[in-house]
Amino acid sequence: MAEGGYSADEMMTVAAARRLADGDVCLAGIGLPSLAANLARRLHAPECVLVYESGTIGSKPRVPPLSIGDGELADTADAVVSVPEIFNYWLQAGRIDVGFLGAAQIDRHAALNTTVIGPYESPTVRLPGAGGAPEIASSARRVIVVLRHSLRAFVERLDFRTSVPGDGPTAVITDLGVLEAGPGDRELILTAVHQGVAVDDVRAATGWDLRVAPAVDVTPPPATAELDALRAMTA
Amino acid sequence: MAEGGYSADEMMTVAAARRLADGDVCLAGIGLPSLAANLARRLHAPECVLVYESGTIGSKPRVPPLSIGDGELADTADAVVSVPEIFNYWLQAGRIDVGFLGAAQIDRHAALNTTVIGPYESPTVRLPGAGGAPEIASSARRVIVVLRHSLRAFVERLDFRTSVPGDGPTAVITDLGVLEAGPGDRELILTAVHQGVAVDDVRAATGWDLRVAPAVDVTPPPATAELDALRAMTA
Amino acid sequence: MAEITTLAEAVAGLVGDGDLVALEGFTHLIPFAAAHEILRQGRRRLTLARMTPDVIYDQMIGMGAAERLIFSWGGNPGVGSLHRLRDAVERGWPVPLALEEHSHAGMANRYVAGASGLPMAVLRGYRGTDLGRVTPTVATVTCPFTGEELTAVPALNPDLTVVHAQQADRQGNVQLWGITGVQREAVLAATRSLVTVEEVVDRLEPRSGSVVLPGWVVTVVAVVPGGAHPSYASGYSTRDNAFYRDWDAISRQRERFTSWMREHVLG
Amino acid sequence: MAEITTLAEAVAGLVGDGDLVALEGFTHLIPFAAAHEILRQGRRRLTLARMTPDVIYDQMIGMGAAERLIFSWGGNPGVGSLHRLRDAVERGWPVPLALEEHSHAGMANRYVAGASGLPMAVLRGYRGTDLGRVTPTVATVTCPFTGEELTAVPALNPDLTVVHAQQADRQGNVQLWGITGVQREAVLAATRSLVTVEEVVDRLEPRSGSVVLPGWVVTVVAVVPGGAHPSYASGYSTRDNAFYRDWDAISRQRERFTSWMREHVLG
């Protein structure tokens, strides 16, 4: 728990949830992304449409799913379609407003690595691999990456490029703050720090010379309603 | 009615039905092909699987359909799938044993014209067009063409090539007899005449120099059971 | 979320002269009522796309609403010719009609590509035929793995797709069942979509073999009971086969066709 | 018409050493019992294909049954790593495992191409990534209509696809419902197919959202109630999430894994 009575992970999840607008169509992976999307639905975005790679469209899970194939996602969906259809007719066709992604490594352009740590042919750590990430990153209209800030994760050079974001808005939500793709070369810029975090804390946890916005916002801490809703979901 | 108490069209339909083996998966267009396939199901091929372009697989219609979208075909089907799926997963993938086709014109290699009579840009008669024929002709394992014999239909040169048969067995069933693709150049050979028809009758109704098998079979006339079943369906 | 409105308002807002419009439905669920409203509103120079033009496009072509037809099979199913289509192609009456013709497999895959956001689809088709000679939208690609030459057709992305369905709920979610043809793909491929429905219900009950289109991919829903007649809506009506047979005589002569349309459609 | 037999006979007749086998099921309906029977029968040198290897392939890889894996995401959903998969890739234990990895979109489309009888599928994918560098089965084609460079992936046609379904009838027609994933495509893409089912019924009642596979595209059906555990069969069981969590500890060390498998699978 941080001083204010909430953890850094809770702050990260709440900050991610706030970026969803009501009515957004959101493709959410399991874990924190799905949690953030479901939190948004319980708060300011009740009409947010959840799409899962397993083929469920418009799922309204009463409890956060452990896997994207949980029966609850199908049982509460507006439609269940095949996996090829989800990727071809829904994601590739540009019908997803927000794609959520996690990663083991990220670089200054928000390219992600979820494949290997170390050389591909003889990895130190074999990670799960691409999943839906390459096409979510390139086809979703907006991309939100959620991961904890550390020198191990925010690297100058990825061990493997698993996904590369497209041309739409890209935001990275961490336990320290928010980075957004800037204009032009689309390098990430620190645009906000969470309450109690200094810009230098973020710099120290970033493995490249971090660009910082002229005016860095401070993320408001989780409101009571946000924390209550989040804790009710994870209890 | 022919002398034997049955019409030439009845003979043609019965001869076509006889070419279906039990268990054959058959893609049948509306009209005589669908009638022949349904007749076979009522006689020697009860396990013949009827597939329609509208997406019905394993239809067991109690009355012959007027259109391939008749509700009866969906209501009695084992599965109903989308039209893209029928053409991609079922026809193109080689799952259809027998494709039935009709035509306005046919040439000596069983290429068919269902597009225009006269020049394409200013046709004398605009025919319906290709429908499923090009891919049925090339993807079904066997092709059965059913059409009435005449100099107008059996032509030296098609006005338009709408479909061309693939490499599998190809048979043409007419009101006069049966032609089958021969080995090598696969030109059609007259292999049978219906009872009461002379080889010269077929030659006279064919617009090219017809190849004739060394021994031409005589199609047995419709049996009582065949005629009864056919008439019960069309009554 | 789809807007729910009247057919007249829907057509007025969604269809413009010169648009590429697909009214789909494979024999089942053909949106006749929407076609009639388009005719009543006097739309012209349309490009009409549809796998099977059927009586619905025979009527639109005969009334001179179309200048181009993208299709794969233009007959009256189980009956014979579409006389108005033939008259337009053979004699340019009431206006000339340009044709872009494909096979069913090609048309279906053009909608699939359109629904998938791809510029083209690949199939094994049109082999040895004259279709590639007369239809510019047929090309080839070579498989980089096997070297096989395959057929390519471009995506078909209508300005507007119109379909008829059994039900919508109050949020504009749509459910159709029975033979659902290429409607899912045709709606998803289009810039705008109009769904006419038999009825609006409080809740879409899950149905065997149904296609559900979420309201957020449908532009407008209009309630038009019987809107598929003489086609049908499984569970609500049966196909009016007699009408399809009668159409042969109604449509054979220009004058009788025109007066029939004035009386039954325009009037 | 599919043959209905025991799981042991089915696996004995359908799986050979060195085969390319896909056991599919997207989190739901994973055919664990069939995988266990393959292990009991001692099959070796398999190429295993599956979008999400999951615990099922962690078990097969850990027992040394596979020499190659074709996949797109190899984790324990919601839990973490697949330790046996990692051990095989990182340290070659118990045997080295070659990887051929794709994205989900690529894998799904490889099955689609396989089911369609095409040599390849086209998608917009893998852009800017290193996947094309390490995976030879990613290439490009140019759209002949727009000039756009698109990604091509080859068809995936397993020697055998295994899926679990809720029901078959006595003719071997199969019905599955709930999340049906890529199973239809995986079965239709395969040379042979095995479907394990919860039960055989006299008649398959139409179900909302179901996939029906006619018996004539299924090679063998075997009745294996609970055959998806710790995955689940909607309408028959729920996902054993606790088992997935426990698997993390069971599979972390070679010895505990091996003794667990001996006791619970081979025994």
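In what follows, every chain begins at residue 1, and chains take the letters A, B, ... in the order their sequences are listed.
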Which one wins on heavy-atom pair count under 4.5 Å against chain B: [options]?
options                               : result
C/Leu131, C/Thr180, C/Val112          : C/Leu131
C/Leu99, C/Asp130, C/Asn241, C/Thr27  : C/Asp130
C/Pro77, C/Ser234, C/Gly92            : C/Pro77
C/Gly106, C/Ser231, C/Pro53, C/Ser72  : C/Ser72
C/Gly125, C/Gly25, C/Ala121, C/Gly181 : C/Gly181

Measure distances from [X] to the heavy atoms of chain B and classify the residue's part below 4.5 Å as side chain, backbone, both or neither.
X        : result
C/Arg184 : neither
C/Arg91  : neither
C/Val182 : both
C/Asn109 : side chain
C/Glu90  : both
C/Arg124 : both
C/Phe26  : both
C/Met107 : neither

Next on the checklist: Looking only at heavy atoms and a cut-off of under 4.5 Å, which of B/Ser163, B/Gly71, B/Gly55 has the most pairs with chain C?
Outcome noted: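 Maximum pair count with chain C is reached by B/Gly71.
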Checklist entry - Hey, which of B/Thr115, B/Leu158, B/Asn88, B/Leu112 has the most heavy atom pairs under 4.5 Å with chain C? => result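 Of the candidates given, the most pairs with chain C belong to B/Asn88.
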Checklist entry - Below 6.0 angstrom between ring centroids: does that apply to C/Phe32 and C/His229? => result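 Ring centres of C/His229 and C/Phe32 not closer than 6.0 Å.
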Next on the checklist: Please tell me whether C/Tyr236 and C/His164 form a close aromatic pair, meaning their ring centres lie under 6.0 Å apart.
Outcome noted: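 So the answer is no for these two rings.
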Item to check | Value rounded to 0.5 Å, distance of CD in C/Gln183 from CG in C/Leu29 | outcome: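 Going from the CD atom of C/Gln183 to the CG atom of C/Leu29 covers 6.0 Å.
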Next on the checklist: Could you measure the distance from the CG atom of B/Leu176 to the CG atom of B/Leu179? Nearest 0.5 Å is fine.
Outcome noted: 9.5 Å
Please determine if [X] and [Y] form a salt bridge, counting it only when a charged side-chain N lies under 4.0 Å from a carboxylate O.
X        : Y        : result
C/Arg110 : C/Glu100 : yes
B/Asp9   : B/Arg148 : yes
B/Glu72  : B/Lys60  : no
B/Asp97  : B/Arg142 : no

Item to check | Quiz item: cation-pi between C/Arg252 and C/Phe257, 6.0 Å / 45° | outcome: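 The answer is no; the distance or angle limit is not met.
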Checklist entry - With a cut-off of under 6.0 Å to the ring centre and 45° to the axis, is C/Arg239 in cation-pi contact with C/Tyr244? => result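 Satisfied, under 6.0 Å and within 45°.
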Next on the checklist: Tell me whether the rings of C/His28 and C/Tyr232 are parallel (<30°), tilted (30 to 60°) or perpendicular (>60°).
Outcome noted: tilted
Checklist entry - Under the 3.5 angstrom rule, does the side chain of B/Asp24 hit a backbone N or O of B/Leu20 as a donor-acceptor pair? => result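 Checking the backbone N and O of B/Leu20 against the side chain of B/Asp24, no donor-acceptor pair under 3.5 Å is found.
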Next on the checklist: Only heavy atoms, only distances under 4.5 angstrom. Which residues in residues 120-140 of chain B are near chain C?
Outcome noted: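 B/Tyr120, B/Pro123, B/Thr124, B/Val125, B/Arg126, B/Pro128, B/Gly129, B/Ala130, B/Gly131, B/Gly132, B/Pro134, B/Glu135, listed by number.
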Checklist entry - What ring pair (Phe, Tyr, Trp, His ring centres under 6.0 Å) pairs are there with at least one residue in residues 111-135 of chain C, not counting sequence neighbours? => result C/His102-C/Tyr126
